[in-house]
Amino acid sequence: MIEDEAQRQHYARALHERQQHVDAVVHSESRKKLVVAGPGTGKTFLFKKVLRGKDETLTLTFVNALVEDLSRDLFGLSDVKTLHGFARAQLQKATSQSISIYPRLSTVIQQDAGILLGVSVDFDPIFHNRNDGEQHLDFYRTRRRYYGHFGFSDIVYAAVLNFEKHPDRIPTYDQIVVDEFQDFNALEVSLIDLLATRSPILLAGDDDQALYESLKSANPKHIRERHSDTEFSFTRFALPFCSRSTRVIIDSANDIIAGAQQAGLLVGRIDKPFRYFPCTKKDKESDGHPCLIYSSVFPKQVPWFIQKQITEITRAVRDEYTVLILSPTRNQCRKTYEAMKAKGFKNVHFAERAEGNEPCLLDGLQLLLLDKDCNLGWRIVSKALMPQTAFEALLLQAHNEGDDSKMVESVDEDMKKQVRRLLTALRGVRDGKDVEGGQLSEVFGHLGIDSHGQAAQLLRDELADTGQRLAEPGIRRTPIEVTTFQSSKGLAADYVFITHFDDKYCTRDSDAGISDQDVCSFLVAMTRARRGVYLLSTDRKRKPTFLSWIDKRRICEIKSPGGDDEQ
């Protein structure tokens with residue numbers, strides 16, 4: 001009884017301390033608050049507390065997936081938007097016009113600049129870094145107006161310029177909440193600073209989870225500056241208790257941070273506690289998962305190893321649980337996903353997407369389904385269907401016709417007929433009508449879809465039920481999500497398998513060595529787990545650097561078979 005009472009008091013103290021951190025934010029009268037919150041530390045719970053009881057509120061982030069989650073969690077409490085969604089709404093209000101967005105517009109105009117100006121200009125960094133005097137911005141604006149669309153970056157840029165020119169147009173809210181601030185760039189910070197002049201604002205983020213430096217010129221310096229520099233006038237808070245993960249995961253994350261700092265990385269990092277939250281449930285899970293599991297396997301053994309561990313987990317748990325498989329690259333994800341499907345797992349998911357940022361034929365056709373004369377639509381389909389020299393001639397001809405002309409007027413009749421056939425077939429598919437096989441074949445051919453191969457794969461999946469290498473019935477329906485480290489942001493699962501846990505894969509620049517972003521990516525991947533983490537190396541000759549940074553007492557190594565016969 002004495003032990004039970006001591007444990008009860010221990011839990012009560014932890015709960016009280018965690019609540020004190022939340023109350024400090026909620027009851028603060030500061031109009032500018034900065035909350036540093038690590039993974040699983042209760043940001044959404046805090047947001048609800050801060051927003052409750054207020055009439056006009058706004059919550060901003062930049063990741064579509066996070067917007068969906070926040071919109072659900074904050075339903076009825078706040079208007080949740082992406083930055084470009086907010087910018088679009090504000091520009092529509094300012095101009096009283098409908099505004100369209102095409103995410104790949106900057107790539108289209110970059111290609112145009114190469115043809116019409118003879119120079120290659122990467123426009124996104126110009127917007128991201130607020131290079132307002134860049135000489136090619138006028139070209140971009142002209143082409144944007146011609147195409148009648150904004151892109152993700154330039155619509156935020158246009159909204160910022162509009163607010164800077166007309167401060168009276170900056171909207172006012174009872175409360176603004178900004179999530180994932182560590183991944184904002186200079187342009188996005190400009191928008192937030194403008195909003196903060198009219199409304200109370202709460203910024204939330206964690207510089208240990210900065211992932212988008214290379215993708216969109218984001219920089220954790222913005223959150224660090226506002227945390228350390230009193231000139232910005234932010235009142236600083238922390239959410240130190242992680243209630244998502246078991247003790248070993250949190251301790252290992254702190255080991256990684258310490259190891260990175262000893263290696264000269266994470267310079268300027270915000271010093272903040274990241275602590276395990278003791279309670280009955282997490283203590284029981286922590287006792288059952290005292291170590292991270294590590295194994296070095298051949299690449300072809302990865303799916304076999306995961307299946308084996310899922311089987312053992314199911315025997316031990318005998319209840320529902322979820323699995324997240326994370327890999328450094330999408331190609332690795334795809335191979336693991338296909339292998340798990342082949343083993344008979346029925347509830348495994350991998351969000352396949354087109355590689356790169358290249359506009360595709362389907363993009364253009366979808367635009368033309370909405371507006372048969374859309375300049376942007378005709379420009380994209382022409383590039384996809386015509387030889388490059390013919391397309392360049394068409395683009396020059398349309399450009400010489402003037403900014404008020406319609407590009408379709410420069411397209412020859414045979415091309416128009418071909419596009420109309422494709423649109424007729426797509427419209428029929430969209431509307432659920434019967435479409436002739438020949439029309440569908442033409443569409444599939446142009447879109448690069450192997451309908452025969454996909455149908456054959458579906459049939460193989462059905463026939464696989466009679467195979468001898470299927471997963472056991474007790475584990476076939478285990479919910480499994482497969483994705484990359486970077487795309488795992490916002491996800492969580494009971495068990496996380498991190499594959500290809502090797503320096504050559506987990507390091508973006510092998511010549512430069514491990515970077516801050518590599519460290520952050522791995523931290524994000526590891527802290528998706530609620531209960532257990534499995535680390536799979538595929539380099540049999542060299543132990544991963546990240547592994548060497550984790551206290552050996554927290555690692556349980558499983559020796560894999562010497563060959564790759566068990567697959």
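Side-chain atoms are counted along with the backbone in the values below, which use heavy atoms only and exclude waters and symmetry mates. These numbers come from a predicted model, not from an experiment.
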Pairs satisfying salt bridge (Lys or Arg N to Asp or Glu O under 4.0 Å), at least one member in [range], at least two apart:
range: residues 14-23; value: E17-R275
range: residues 258-271; value: D208-R269
range: residues 33-46; value: K43-D179, K43-E180
range: residues 301-316; value: K308-E312, R315-E472

Nearest 0.5 angstrom please: [X] [atom1] to [Y] [atom2], how far?
X: N129; Y: S190; atom1: CG; atom2: OG; value: 10.5 Å
X: T322; Y: R530; atom1: OG1; atom2: CZ; value: 5.0 Å
X: F237; Y: L202; atom1: CZ; atom2: CG; value: 8.0 Å
X: K543; Y: F501; atom1: NZ; atom2: CZ; value: 10.0 Å
X: H289; Y: S245; atom1: NE2; atom2: OG; value: 12.0 Å
X: Q182; Y: Y212; atom1: CD; atom2: OH; value: 9.5 Å

Is a side-chain donor-acceptor pair under 3.5 Å present for [Y] with [X]?
X: D79; Y: Y173; value: no
X: S327; Y: T499; value: yes
X: S510; Y: T507; value: no

Do any side-chain atoms of residues 247-254 form donor-acceptor pairs under 3.5 angstrom with protein atoms, and if so which ones, sequence neighbours left out?
| residue | atom | partner | partner atom | Å |
| --- | --- | --- | --- | --- |
| S252 | OG | V248 | O | 2.7 |
| N254 | ND2 | I250 | O | 3.3 |
| N254 | ND2 | F274 | O | 3.0 |

Residues [X] and [Y] bridged, charged N to O under 4.0 Å:
X: K504; Y: D502; result: no
X: E338; Y: K341; result: no
X: D69; Y: R72; result: yes

Name all residues meeting the ring pair (Phe, Tyr, Trp, His ring centres under 6.0 Å) criterion together with [X]; count only those two or more places apart in sequence or in a different chain, and write none if there are none.
X: F47; value: none
X: Y321; value: Y495
X: F485; value: none

Specify the closest pair of heavy atoms between [X] and [Y], including all atoms of both residues, with the distance to one decimal.
X: L326; Y: T484; value: CD2-O, 3.9 Å
X: V524; Y: R528; value: O-NE, 2.6 Å
X: S30; Y: T235; value: OG-OG1, 2.9 Å
X: P240; Y: H21; value: CG-NE2, 3.5 Å
X: Y294; Y: I555; value: CB-CG2, 3.8 Å
X: D207; Y: C520; value: O-SG, 3.6 Å

Show, in sequence, the C-alpha distance, side-chain angles and deciding distance for Y276 and D283, and conclude whether the side chain to side chain contact (heavy atoms under 4.5 Å, CB included) test is met. CA-CA 10 Å; Y276 168 74; D283 277 3; 2.4 Å; yes
[Y] side chain reached by [X] side chain, heavy atoms, under 4.5 Å:
X: I257; Y: Q261; answer: yes
X: V177; Y: T57; answer: no
X: R52; Y: K48; answer: yes
X: K81; Y: V67; answer: no
X: I313; Y: R531; answer: no
X: I201; Y: F234; answer: yes
X: S487; Y: R330; answer: yes
X: C360; Y: D363; answer: yes

Establish, yes or no, whether the cationic atom of K216 lies under 6.0 Å from the six-membered ring centre of F62 and within 45° of the ring axis.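 Judged by the rule, K216 and F62 form a cation-pi pair.
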Cation-pi check, R540 to F298: give yes when NZ or CZ is under 6.0 Å from the six-membered ring centre and within 45° of the ring axis, no otherwise. yes
[X] side chain to [Y] main-chain N or O, any donor-acceptor pair under 3.5 Å?
X: D174; Y: K54; value: no
X: S78; Y: T59; value: yes
X: S295; Y: I558; value: yes
X: R244; Y: P39; value: no
X: S28; Y: V25; value: no
X: H227; Y: I223; value: no
X: T82; Y: G85; value: yes

Walk me through it: do K335 and V302 pass the test side chain to side chain contact (heavy atoms under 4.5 Å, CB included)? CA-CA 10 Å; K335 289 181 178 179; V302 168; over 6 Å; no
Check side chain to side chain contact (heavy atoms under 4.5 Å, CB included) between [X] and all other residues, then give those that pass, not counting sequence neighbours.
X: D193; answer: V189, R226
X: S228; answer: none
X: R508; answer: S214, Q486, Q517, D518, S521

Given side chain to side chain contact (heavy atoms under 4.5 Å, CB included), test K282 with E285 step by step and report yes or no. CA-CA 5 Å; K282 295 314 295 185; E285 291 177 348; 2.6 Å; yes
Worked verdict on L83 versus L187 for side chain to side chain contact (heavy atoms under 4.5 Å, CB included): CA-CA 11 Å; L83 294 173; L187 170 63; over 6 Å; no
Might you confirm whether atom CD of Q20 has over 12 heavy atoms from other residues, nucleotides or ligands at distances under 6.0 Å?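 Enclosed.
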Could you walk me through whether N185 and S217 pass the side-chain hydrogen bond (donor to acceptor under 3.5 Å, both in side chains) test, one step at a time? CA-CA 6 Å; N185 55 42; S217 306; 5.9 Å; no
Considering only residues two or more places apart or on different chains, which pairs with a residue in residues 532-554 satisfy ring-ring contact (aromatic ring centres under 6.0 Å, His included)? F497-Y534, F522-F546, F546-W549
